[in-house]
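Remarks on the structure that follows.
All chains are named by letter (A, B, ...) in the order of the sequence lines, taking the proteins before the strands, and each is independently numbered beginning at 1. Being a predicted model, the structure only gives us computed values, none of them experimental. Note that these values count all heavy atoms, side chains included, but never hydrogens, waters or copies made by symmetry.
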Amino acid sequence: MTKFAQVVVDVPTLQTNRPYDYAIPAALTDTILPGMRVVVPFGKGGRRVQGFVTALTTQQHYDGDLKAIDTLVDLRPALNTELLQLSKWMADTTYSFWISCMQTMLPNVMRAKYEKAFRIQGTIPEQIRTEIFHNQAELLYSEDLSDQTLRTLSKLQQAGQLETVYHVKNRARVKTQTMVTTVLKNRAAFAAASAALRKNAAKQFELLAYLERHPETVPLKQAEDETKLSRAIFTAGAKKGWLELSQQEVYRDPTRDTQIEQTQPLQLTADQKTAVDAVVAASKNGSDRTFLLEGVTGSGKTEVYLQIMAAALAHGKTALMLVPEIALTPQMVNRVKGRFGDLVAVLHSGLSEGEKYDEWRRIERHEAKVVVGARSAVFAPLENLGVLIMDEEHESSYKQDESPRYHARDVAIWRGQYNHCPVLLGSATPSLESRARAQKGVYQLLRLPERINGQPLPQVTLIDMKAALRKNKNGNFSPQLLTALQGRLIKHEQSVLMLNRRGFSSFVMCRDCGFVLKCPNCDISLTLHMDTHSMRCHYCGHEEPIPQICPNCHSHKIRYYGTGTEKVEKELQELLPEARILRMDVDTTRKKGAHERILQQFGSKEADILLGTQMIAKGLDFPDVTLVGVINADTALGLPDFRASERTFQLLTQVSGRAGRANKEGKVIIQTFNPEHYAIQFAQRQDYEGFYRHEMQIRHRGNYSPYYYSDLVQVSHEDEGQAAKMMFEIANRIKPILSDQAIILGPTPRSIARINKKYYYQIVIKYKHEPRLHAKLEEILETTQTETRHGFQIVIDHEPQQFT
DNA sequence: AGCACGCCGACT
DNA sequence: GTCGGCGTGCTC
């Protein structure tokens, strides 16, 4: 006999970050289940909030009177057992609120909205009733009610003439469609119906004729279109009992109108087959192994994914595939839908809230067996998972950069263990963390070293921009790149140009020798701080003046580095007036669908050159691109981030892979100020393994990931001194519990020390094994609660993507 | 988060 | 003398 429910309420604070006991009204005892959303009274004054039932018990834990659950929001649990458990684990490992974790697992529309209102109880003065309440029974509370009005209302409330009521609004709406079903069953029935009509009822005769021809249930909209009859005629028909009008649920399907061609599995190469077999075997055996598929660009990773998923479906399981948001192009989606048709649900940011909700419900009702989506799709309510796949596993966007700061890779591995199914991480350029785990045997390494079409990897030429700039002071284009572009124009072949925008203007580089100012202690580039007119290291806090002369070659051309796409487009148009250029960056893709439209235009050869930022490096596949140019390879290298080399290598390798995908040979030209930098050298040779070995040595020397874990603790406050002081106090509390193997960096101010009038200070704890650290950090969060009331904000980020 | 309780300055 | 400021504690 379950009588009590434990409920986690929608109040994201540390003090309320635990289940509360509630009594279950008799009417709900049979239907209530863990994972359901409920509305409960919480706190004084009868305030209503939404909550999640986390457990049902026969005994109450709380020693006192319990309140009872108001209403059930769901008929079936919003979170199944797996997701409920996962949410708890996530809250613990990411230092975030349980309720926030549960909310992020669900479509946005399932998040409750709250309203507070004043309701008239007794008799109130006529003037107030008309002027304030506008003759309504309730007045919605809002910030813009005047102080005077509030005072009046408060007085009435105390006198018992008003009460405050709370509304918990569920925004999740199911879209419905009116359907027409013919009731009349046979010729005789139709004849009888016609006979009863007056001779001049022309429209109704038409309706009867239509119904006789169409006994099947059709949408009213369609019937109206086909008959050209008005809705009134159908309503009349329903009244006479000829037909029935009913409401049917419909899904908002974003790809409803696009025709997707069915595709067949492709013949696999020997390497692909080995990879497919390994993962499929694990899936069948219920093994939760993690595999790392390292496949060069164009090696057919996607086909491997598709066939593994097909095998999972064939065994009655479901499959989840994660793709970075920018790679989730219609091309990609259509490829999966082409193979699995209606069994596919897609979840990404381009969908409307309603569409996301519908896709989610299709999964939850087991109508979709394959899910493709970006980061948050890792929470898709698929049951009986047979495999989880994560494409481009190195992408930093898999880690959410706001609370809850989860990494989709960790979540995927957790779900693999829960479901006893394998996880497949795929990339041409795996993250060092994953590749190192494969080295140690934690993951199983699978490799696709060759391109599927047998084409060699494109030839990559490095252009030293220091030399080019000596000839042409301000140009962004070397003569070599320009000549190559002209060549493509003549041959009517397409080119892709990438402008690397990352790290725009935040570091200082010498235009003559490529020298970048580095921290003497940390081997990390110094960041320009315009507020203090200084160069600073974000790791150790080292500070020095902005250089006027290059310390390396004594040139005066040492300055901020960075260029915008618009400027480059203009320059290119002047250099190549006959070229048709398409620009793709945050500005031109802001509107919904703009991204797709630009790619579609380029695909249908409406332009010769596609000029864009990082977003063009991912997943686009245009057979006629024979030239890829990188205008500035270096910008990311200047970032104060130990992953700068890794990111640069990954980006260059990926963009290079865009050239020569079909049977035409591709060429890549990379312009750089640092042609001898190892990241660029290895990218030129497309040598991931070489890069991996070299970078691992550097990480080892610097005590960075994957040799060390890192936790970031950040404090912010309006007063810089207060923020710094608190950060030092916290650091001093952590130090005693750490072993001498751990390293604390900082406290240092953040690169943009002041954001929204707040100052940020942080420390980074690097460690291999500190069993007491997690509990200590939780304790710090708890004990600093009173401080958060005084304008402090404390953030803990396990394995941050950037330390900046 | 948001509400109530509780203790100190400017008003009827 | 009271109204109301916001600092503090609690919510099953």
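- Within the 4.0 angstrom heavy-atom criterion, no nucleotide atom of any strand lies near A:P19.
- Listed by chain and number, the residues in a side-chain hydrogen bond (donor to acceptor under 3.5 Å, both in side chains) with A:Q103 are A:D10 (sequence neighbours excluded).
- Evaluation of the side-chain hydrogen bond (donor to acceptor under 3.5 Å, both in side chains) rule for A:T94 yields A:S96 as partners, not counting sequence neighbours.
- Residues satisfying the side-chain hydrogen bond (donor to acceptor under 3.5 Å, both in side chains) criterion with A:H420, sequence neighbours excluded, are absent altogether.
- A:R48 comes within 4.0 angstrom of nothing in the nucleic acid, heavy atoms only.
- For A:D288, the side-chain contact (heavy atoms from CB on, under 4.5 Å) partners at least two apart in sequence or on another chain are A:Q417.
- Residues passing the side-chain contact (heavy atoms from CB on, under 4.5 Å) test with A:R362 are A:Y251, A:A345, A:E359, A:E367, A:A368, sequence neighbours excluded.
- Evaluation of the side-chain contact (heavy atoms from CB on, under 4.5 Å) rule for A:E782 yields A:L14 as partners, not counting sequence neighbours.
- Residues meeting the salt bridge (charged side-chain N to carboxylate O under 4.0 Å, His left out) test with A:E249, sequence neighbours left out: A:R361, A:R365.
- Close approach of DNA chain C to chain A, defined as any atom under 4.0 Å from a non-hydrogen atom of the protein, starts and stops at C:dG4 to C:dC12.
- Partners of A:N419 under the side-chain contact (heavy atoms from CB on, under 4.5 Å) rule, at least two apart in sequence or in another chain, are A:E82, A:L385, A:R415, A:C421.
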Could you go over nucleotides 8-12 of chain B and give all protein N or O partners under 3.5 Å, atom names and distances?
none

Which atoms of nucleotides 1-4 of chain B (N or O only) lie under 3.5 Å from a protein N or O atom, and what are those distances?
from  : atom 1 : to     : atom 2 : distance (Å)
B:dA1 : N3     : A:R47  : NH1    : 3.2
B:dG2 : O4'    : A:R47  : NH1    : 3.3
B:dG2 : O6     : A:R789 : NH2    : 3.0
B:dC3 : OP1    : A:Y166 : OH     : 3.1
B:dC3 : OP2    : A:K116 : NZ     : 3.4

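- Taking the side-chain hydrogen bond (donor to acceptor under 3.5 Å, both in side chains) definition, one finds that A:S87 meets it with A:W98, sequence neighbours left out.
- Here the CZ-NE2 distance, from A:F792 to A:H790, works out to 9.0 Å after rounding to the nearest 0.5 Å.
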